[in-house]
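Throughout, a chain's letter reflects where its sequence line sits, starting with A, and its residues are numbered from 1.
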Amino acid sequence: MALRVHNTLTGKIEAFVPLHPPKVGMYVCGVTVYDRSHVGHARALVTFDVVFRYLRWCGYEVTFVRNFTDVDDKIIARAQQAGISTAELVAANLTAFDEDVRALGCLRPTKEPRATEHIPEMVALIQKLIDRGLAYVADGDVYFCVEKFPSYGKLSKRRLEDMIAGARVDVDERKRHPMDFALWKASKPGEPTWPSPWGPGRPGWHIECSAMATKYLGQPFDIHGGGADLIFPHHENEIAQSEGAHGCEFARYWLHNGLVTIGAEKMSKSLGNFMTVAEAAARSGGEAVRLFVLGTHYRSPLDFAPERLDDAARALGRIYDTLARADDAGADPTAPPDAVRIQEFREAMDDDFNTARALAVLFDTIRDLNRAMDEKQTTNLGPLRATVRELSTVLGIGGNDPHVVLEEEKQRHLRSQGLSPEYVANKLAERTEARRRRDFATADRIRQELRERGIAVEDTPQGTVWKVAR
RNA sequence: GGCGGCGUACCCAAGUGGCUAAGGGAGAGGUCUGCAAAACCUCGAUGCAGCGGUUCGAAUCCGCUCGCCGCCUCCA
């Protein structure tokens with residue numbers, strides 16, 4: 001079975017057939033860098049990171065483009081509020097974004113173009129739309145004329161009449177049709193501005209993606225992705241602009257991740273009900289956030305609660321405990337992965353990136369690994385360990401050095417508790433001595449004492465060790 | 001109002017016509033242990049919002065009802 005993906009354009013799950021195999025072009029809408037990213041952004045980031053990784057794992061040469069919107073109303077407003085330049089605001093948020101992405105274990109896209117670095121391309125595209133009669137100039141603004149694009153609404157499956165019906169659309173005298181949208185906005189004093197044939201101004205939001213996607217991927221290209229909240233109007237407008245200008249299909253497969261809700265309400269900056277990626281990562285670690293996201297199919301709604309992060313952190317801890325144990329047990333690092341498990345994994349991922357099912361394969365493998373160690377079947381260790389390593393290249397879960405991960409977890413814990421490694425070492429030595437004397441009352445008292453500080457003591461055949469209580 | 005989607009065990013969640021309804025977290029019992037912890041084993045929904053229907057057979061298809069969400073405005 002080969003990869004099948006859900007295409008928003010058709011509403012169906014279809015076989016994925018790239019235009020120019022083995023090459024695949026993928027464009028994903030990134031973020032507007034006016035503020036820190038939250039868990040909702042994390043979901044989009046992780047979802048398409050896995051798509052990217054899986055396509056590569058399948059042998060495709062993927063060009064993955066993810067943009068930054070670094071000019072828009074909110075950036076301007078936020079910068080003015082803070083009394084800094086838009087450039088300063090953008091720079092700060094780009095740095096923060098980079099940290100978030102790294103915490104989430106996402107690979108770098110092939111290209112990360114910024115809107116402000118592609119103004120000439122946008123101007124050229126707008127000019128082409130004007131030339132083809134699909135756009136018109138009004139007072140230094142340029143609007144796209146939706147009535148001139150007959151298939152407008154084909155992605156979001158809505159008709160122009162329906163949209164106006166329930167409409168809270170701005171009544172703008174300069175627009176010929178209420179649903180017409182801005183390609184170019186004349187700038188007000190003090191705003192970032194670029195020269196254009198229609199006067200100084202700045203681009204509308206949608207045009208940047210049309211211009212940059214086509215610049216780096218050509219047209220048509222294979223995959224266009226983003227959050228489900230972008231289907232309308234953003235992606236609908238991208239299609240109108242790109243297909244209107246070039247007279248050919250824009251993108252073949254449209255993939256959209258479901259939104260993150262919190263208390264059954266959409267998580268969003270405007271509602272103020274969000275947890276930032278940095279906060280989530282500080283609580284449970286970025287990899288746990290990733291695991292939380294991948295536990296649900298990417299198109300389903302995902303309800304966030306901090307406790308779910310804790311669940312994920314515990315599950316992740318089990319993975320790394322097992323891997324550390326396997327490495328200590330001398331799993332052959334050169335062994336090939338287990339073909340049966342890999343096949344199960346492939347079938348799950350081929351089914352529209354069913355990461356929840358793929359994770360079940362990972363956890364089954366973890367159990368296999370522990371059982372093999374319990375039963376001293378050392379020859380199975382290598383292949384099972386290799387299987388986890390293989391799956392981790394796609395899921396981005398369990399791919400780090402387990403000893404390093406566990407050690408970092410311990411250091412983090414000690415620091416947050418204000419405890420020194422010596423304190424723990426002394427307590428453990430004291431307890432070991434007590435146990436040697438068979439003074440179990442003292443030993444248990446010490447263990448309880450440490451437990452209250454979040455330190456879990458384990459007596460193993462190799463001696464006493466401690467871990468962070470999860 | 002238009003369009004799209006959701007409701008599966010204590011919590012999360014996969015499964016969309018047919019083996020005993022994955023997996024994770026929590027829980028119970030067991031093995032191991034001085035006792036624990038970890039790990040493993042076992043248990044856990046005779047039932048998949050409710051009601052009807054199609055079918056030899058449905059959580060899965062159809063209809064209705066109830067509850068909930070998203071988009072239609074900036075939004076991942």
Side-chain angles (χ1 to χ4, degrees), chain A residues 8 11 28-32 34-35 37-48 66 69 72-74 77 153 156-159 161-170 179 205 225-234 236 256-261 264-271 291-292 295-297 299-303 305 307-308 310-319 321-322 325 344 348 351 354-364 366-367 369-375 435 438-441 443-444 447-448 451 456-461 464-467 469-470:
Chain A
T8 306
V28 174
C29 291
V31 293
T32 300
Y34 78 100
D35 201 354
S37 301
H38 62 237
V39 176
H41 298 108
R43 184 177 198 191
L45 258 11
V46 170
T47 295
F48 290 102
R66 185 179 60 211
T69 300
D72 90 330
D73 294 345
K74 277 193 257 198
S156 53
K157 318 247 183 301
R158 53 192 85 193
R159 295 173 311 170
E161 309 86 78
D162 295 337
M163 287 188 270
I164 309 160
R168 287 164 290 180
V169 285
D170 300 351
M179 295 309 292
W205 175 37
D229 51 353
L230 298 183
I231 295 171
F232 190 89
H234 186 54
E236 195 69 70
H256 293 97
N257 63 274
L259 303 180
V260 175
T261 58
E265 195 177 45
K266 177 182 170 180
M267 179 181 285
S268 78
K269 289 182 188 172
S270 35
L271 290 171
L291 183 57
F292 162 69
T296 300
H297 184 89
R299 283 191 284 115
S300 302
L302 175 59
D303 196 45
E307 303 76 48
R308 309 255 168 87
D310 300 340
D311 285 357
R314 272 190 288 272
L316 188 66
R318 181 165 150 244
I319 291 172
D321 282 348
T322 303
R325 199 182 159 206
E344 288 172 354
D351 182 16
N354 193 329
T355 53
R357 234 168 84 198
L359 282 172
V361 177
L362 175 63
F363 283 110
D364 283 342
I366 290 296
R367 184 166 18 78
L369 207 40
N370 275 312
R371 192 191 293 133
M373 287 185 282
D374 282 358
E375 295 172 359
R435 289 183 75 215
R438 303 195 67 77
D439 175 6
F440 295 119
D444 291 350
R447 183 169 63 197
Q448 182 57 28
R451 181 80 204 186
V457 175
E458 292 184 18
D459 298 319
T460 76
T464 299
V465 297
W466 73 273
K467 297 195 296 205
R470 298 190 183 98

- Query: Hey, is the side chain of A/Arg447 poking within less than 4.0 Å of OP1 or OP2 on B/U33, counting only N and O atoms?
  - Reply: no
- Heavy atoms under 4.0 Å, any strand shown: does A/Val260 hit a base, just sugar-phosphate, or nothing? base
- Item | Candidates B/G23, B/A36, B/A39 - which lies nearest the side chain of A/Asp374 | B/A39
- Task: For the pair A/Asp351 (side chain) and A/Asn354 (backbone), establish whether a donor and an acceptor sit closer than 3.5 Å, ignoring hydrogens and angles.
- Result: no
- Note on the structure: From CG of A/Leu45 across to C1' of B/A76 the rounded distance in Å is 8 Å
- Query: What is the distance from CE of A/Met179 to P of B/C71, rounded to the nearest Å?
  - Reply: 15 Å
- Message: Need one value for A/Asp310: base, sugar-phosphate or nothing, where a base atom within 4.0 Å counts as base even if backbone is also close, heavy atoms only.
- Response: nothing
- Think A/Lys269 forms a cation-pi with A/Tyr34, using NZ or CZ under 6.0 Å from the six-ring centre and within 45 degrees of its axis? yes
- What distance, rounded to whole Å, do you find between the two C1' atoms, one in B/U55 and one in B/A39? 47 Å
- How far, in whole Å, is B/C72 from B/A22 if one measures between their C1' atoms? 37 Å
- For the side chain of A/Asp229, starting at C-beta, report the closest nucleotide among B/A22, B/C40, B/A76. B/A76
- Query: Does any nucleotide pair with B/G63 by Watson-Crick or G-U wobble geometry, both distances under 3.5 Å, and what is it?
  - Reply: B/C51
- Note on the structure: For B/C56, the nucleotide meeting Watson-Crick or G-U wobble distances (both under 3.5 Å) is B/G18
- Task: Give the rounded distance in Å between these two atoms: CG of A/Leu369 and C1' of B/A38.
- Result: 14 Å
- Can you check the A/His234 NE2 to B/C74 C1' distance for me, whole Å? 12 Å
- Task: Pick base, sugar-phosphate or nothing for A/Phe440, based on heavy-atom distances below 4.0 Å to the nucleic acid.
- Result: base
- Which value, in whole Å, describes the distance between the P atoms of nucleotides B/C68 and B/A28? 35 Å
- Task: Would you kindly compare A/Arg325 and A/Asp72 by the position of their nearest RNA chain B nucleotide and give the one closer to the 5′ end?
- Result: A/Arg325
- Query: Nearest to the side chain of A/Arg318 - B/A26, B/C69, B/C40?
  - Reply: B/C40
- Message: From C-beta outward on A/His41, which listed nucleotide comes closest to its side chain: B/C41, B/G23, B/A76?
- Response: B/A76
- Message: Taking the cut-offs as 6.0 angstrom to the six-membered ring centre and 45 degrees off its axis, would you call A/Arg158 and A/Phe232 a cation-pi pair?
- Response: yes
- Could you work out the separation of B/U42 and B/A49 based on their C1' atoms and round it to a whole Å? 31 Å
- Message: Within the 4.0 Å heavy-atom criterion, would you say A/Asp321 contacts the bases, only the backbone, or no part of the nucleic acid?
- Response: nothing
- Message: Testing the basics here: between A/Thr296 and A/Thr355, what is the closest heavy-atom pair and its distance to 0.1 Å?
- Response: O-OG1, 3.9 Å
- Is a side-chain donor or acceptor of A/Arg43 paired with a backbone partner of A/Asn257 at a separation under 3.5 angstrom? no
- Message: Whole angstroms only, please: what is the CZ-P distance between A/Phe232 and B/G70?
- Response: 18 Å
- Note on the structure: Ranking B/A39, B/A76, B/G34 by distance to the side chain of A/Leu259, first place goes to B/A76
- Query: Salt-bridged, A/Lys266 to A/Asp229, with N to O below 4.0 Å?
  - Reply: yes
- Item | B/C71 to B/G15 separation - P atoms, rounded to the nearest Å | 24 Å
- Considering only NZ, NE, NH1 and NH2 on the basic side and carboxylate oxygens on the acidic side, decide whether A/Arg470 and A/Asp321 come within less than 4.0 Å. yes
- Message: I want to confirm an ordering. Mapping A/Arg451 and A/Phe48 to their closest nucleotides on RNA chain B, which one lands closer to the 5' end?
- Response: A/Arg451
- Distance in angstrom units between A/Arg470 CZ and B/G24 C1', rounded: 14 Å
- Message: Quick one: does any side-chain atom of A/Glu344 pair with a main-chain N or O of A/Val361 as donor and acceptor, under 3.5 Å?
- Response: no
- Watson-Crick/G-U partner (both atom distances under 3.5 Å) of B/G34: none
- Query: Taking only residues two or more places apart in sequence, or in another chain, which ones meet A/Phe292 in a ring-ring contact (aromatic ring centres under 6.0 Å, His included)?
  - Reply: A/Phe304
- Message: Which nucleotide wins on minimum distance to the side chain of A/Arg371, given the candidates B/A76, B/C41, B/G24?
- Response: B/C41
- Integer angstrom distance from the P of B/A45 to that of B/G63: 32 Å
- Query: Hey, does A/Met267 reach any base, or is it just sugar-phosphate, or nothing, if we go heavy atoms under 4.0 Å?
  - Reply: base
- Whole-Å distance separating the CZ atom of A/Arg438 from the P atom of B/C35: 10 Å
- Message: Of the listed nucleotides (B/A38, B/G34, B/A76), which one gets closest to any side-chain atom of A/Arg435?
- Response: B/G34
- Item | P atoms of B/G47 and B/A13, separation to the nearest Å | 23 Å
- Task: Scan every strand shown for a Watson-Crick or G-U wobble partner of B/C43, both distances under 3.5 Å, and answer none if you come up empty.
- Result: B/G27
- What does B/C68 pair with, Watson-Crick or G-U, if both distances are under 3.5 Å? B/G5
- Query: Can you give one letter per nucleotide of nucleotides 2-19 of chain B, going 5' to 3': B for a protein heavy atom under 4.0 Å from the base, S for sugar-phosphate only, - for none?
  - Reply: BS--------SSSS----
- Item | Basic-acidic side-chain contact under 4.0 Å: A/Asp444, A/Arg451 | no
- Item | Atom C1', compared across B/G4 and B/G57: separation rounded to whole Å | 31 Å
